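Along the sequence shown, the residues carry numbers beginning at 1. Just so it is clear, the model here is predicted, and its values are computed rather than measured.
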Amino acid sequence: METADNTTSETVIEESTIYTREEFRTIDVGAIMRDGHPDISDGDRLIVDRVTARRAELGRPLTVMDVGSGSGVLAAMIADRLPDCRVIANDVARNPLEQARDRLADRPHAEVFGSPFEQWQEPLDVMISWGSHHHLPHNHLAHARELLGAEGLLILGDEFCPEYCTPEDAARLKSAEVIELGGGYLLASDEEIAAYRKDGSIPEWSRALEDRRRKTLWNWYKFVIDYAIERDNWMVAIAEMQITKDDVVTAFEEEHKLSPLIVEHELAVNGFRQRAKHVIGDREPALQSFFVYEFSVDSEAARPAPGRGRA
């Protein structure tokens with residue numbers, strides 16, 4: 001996923017996700033997920049409302065990019081609500097790209113960017129990452145910070161792993177100046193990162209954290225699959241079974257959901273300031289997965305080192 005070459009990046013992603021499976025080659029995954037998966041449609045509506053509010057706040061048309069846009073469902077909704085804004089749907093997987101081009105073809109100010117996000121060089125007023133953060137190389141945040149500048153807004157919504165951090169984990173993260181993944185394990189200091197790079201050492205706290213992540217995810221995915229089956233949406237159920245397998249494999253970082261607390265600290269150490277946090281759904285904490293955040297660039301934060309995110 002971190003290669004600069006567009007063709008290579010597409011190949012890696014398509015070999016790593018459900019899009020390559022035969023039963024999904026002609027399926028609009030973005031559309032079926034909004035029918036058979038909890039909370040996604042509610043998140044769509046909230047994000048469109050937040051972009052609309054930003055348009056009103058700045059009093060001018062916006063340039064908006066949906067990074068990891070899939071088949072362009074959300075991009076189309078924004079283009080319809082705000083026809084004077086430039087809306088860019090960004091993805092690199094072949095099937096969703098073709099579906100996004102078809103969906104946005106009759107919207108004059110909407111377009112598709114089919115190369116890795118890191119290759120986009122124009123300024124953005126709003127960057128949306130909706131269900132994409134846990135797929136992206138986490139060092140994309142440094143590029144996002146450059147593109148957004150002082151007035152830019154990052155809207156980050158995702159299907160997180162429901163919270164699994166203990167108070168002790170929270171204290172450790174609060175003091176962390178770096179957050180990286182090494183082989184799928186969370187590392188929260190330069191010393192831990194150096195040890196991992198030297199000989200693959202993983203701290204015991206990181207192993208315990210990953211064990212809790214996998215158990216918490218298993219409980220969440222069972223709920224999601226049952227939700228789809230209750231609505232006779234077997235394609236979503238089948239997709240979620242594959243995604244479950246990918247996500248509980250620790251080293252498979254292309255599908256690696258983290259807890260909200262971890263991502264909040266990850267954004268902080270990468271120079272972003274949290275403006276708002278919205279909860280999607282109303283469930284017990286063990287089944288609370290969807291959140292939508294609004295971040296701005298923290299001009300007073302130290303400039304993050306380039307390339308951080310994966311050890």
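Contact annotation: the side chain of Arg283 approaches that of Phe223 to within less than 4.5 Å [non-hydrogen atoms, C-beta and beyond]. For the pair Glu122 and Met65, the minimum side-chain heavy-atom distance is 4.5 Å or more. In this structure, the side chains of Arg275 and Leu153 come closer than 4.5 Å at one or more pairs of heavy atoms. Ile88 places a side-chain heavy atom less than 4.5 Å from the side chain of Trp120. Within the 4.5 Å cutoff, the side chain of His278 has no heavy atoms near those of the Phe291 side chain. With contacts defined as side-chain heavy-atom distances shorter than 4.5 Å, the pair Asp190/Val178 qualifies. Between His140 and Glu118 there is a side-chain heavy-atom pair separated by less than 4.5 Å. Arg197 has its side chain within reach of Glu180: a pair of non-hydrogen atoms, C-beta onward, lies under 4.5 Å apart.
A salt bridge does not link Asp39 to Arg34: none of the charged side-chain nitrogens sits closer than 4.0 Å to a carboxylate oxygen. Here Glu111 pairs with Arg86 in a salt bridge; the nearest charged N to carboxylate O distance falls below 4.0 Å. Of the charged side-chain nitrogens involved, at least one lies within less than 4.0 Å of a carboxylate oxygen, so that Asp84 and Arg55 count as a salt-bridged pair. Using a 4.0 Å cut-off between charged nitrogen and carboxylate oxygen, Arg54 and Glu57 count as a salt-bridge pair.
Residue pairs meeting the salt bridge (Lys or Arg N to Asp or Glu O under 4.0 Å) criterion with at least one member in residues 151-165, sequence neighbours excluded, are Arg60-Glu151.
Shown here are the side-chain contact (heavy atoms from CB on, under 4.5 Å) partners of Lys174, two or more places apart in sequence or in another chain: His265. For Arg273, the salt bridge (Lys or Arg N to Asp or Glu O under 4.0 Å) criterion is met by no residue, not counting sequence neighbours. Contacts of Asp199 classified as side-chain hydrogen bond (donor to acceptor under 3.5 Å, both in side chains), with partners at least two apart in sequence or in another chain: Ser201. Scanning for salt bridge (Lys or Arg N to Asp or Glu O under 4.0 Å) contacts around Arg81 gives Asp49, with sequence neighbours left out. Under the side-chain contact (heavy atoms from CB on, under 4.5 Å) criterion, Ala53 pairs with Arg50, sequence neighbours left out. By the side-chain hydrogen bond (donor to acceptor under 3.5 Å, both in side chains) test, Arg214 is found to be paired with no residue, residues two or more places apart in sequence or in another chain being considered. In this structure Lys277 satisfies the salt bridge (Lys or Arg N to Asp or Glu O under 4.0 Å) test together with Glu264, sequence neighbours excluded. Under the ring pair (Phe, Tyr, Trp, His ring centres under 6.0 Å) criterion, Phe290 pairs with His37, Trp130, not counting sequence neighbours. For Ala105, there are no side-chain contact (heavy atoms from CB on, under 4.5 Å) partners two or more places apart in sequence or in a different chain. In this structure, the side-chain contact (heavy atoms from CB on, under 4.5 Å) partners of Ala76, at least two apart in sequence or on a different chain, are Arg103, Leu104, Arg107.
Residues His134 and Glu255 have side chains that bring a donor and an acceptor to within less than 3.5 angstrom of each other. For Ser69 and Asp91, the side-chain atoms include no donor-acceptor pair closer than 3.5 Å. With 3.5 Å as the limit, one finds no donor-acceptor pair spanning the side chains of Lys245 and Tyr221. Side-chain contact of Trp205 with Glu192: a donor-acceptor pair under 3.5 Å is present, judged by distance alone. For the 3.5 Å distance criterion, the side chains of Ser41 and Asp44 fail to qualify, holding no donor opposite an acceptor.
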Indicate every side-chain donor-acceptor pair of residues 225-237 with a distance under 3.5 Å to a residue at least two apart or in another chain.
from: Arg231; atom 1: NH1; to: Tyr227; atom 2: O; distance (Å): 3.0
from: Asn233; atom 1: OD1; to: Val236; atom 2: N; distance (Å): 3.2
from: Asn233; atom 1: ND2; to: Asp35; atom 2: OD2; distance (Å): 2.8

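Between Leu156 and His133, the shortest heavy-atom distance links the atoms CD1-ND1, 3.7 Å.
A cation-pi geometry, defined here as NZ or CZ lying under 6.0 Å from the six-membered ring centre and within 45° of its normal, holds between Arg207 and Tyr185.
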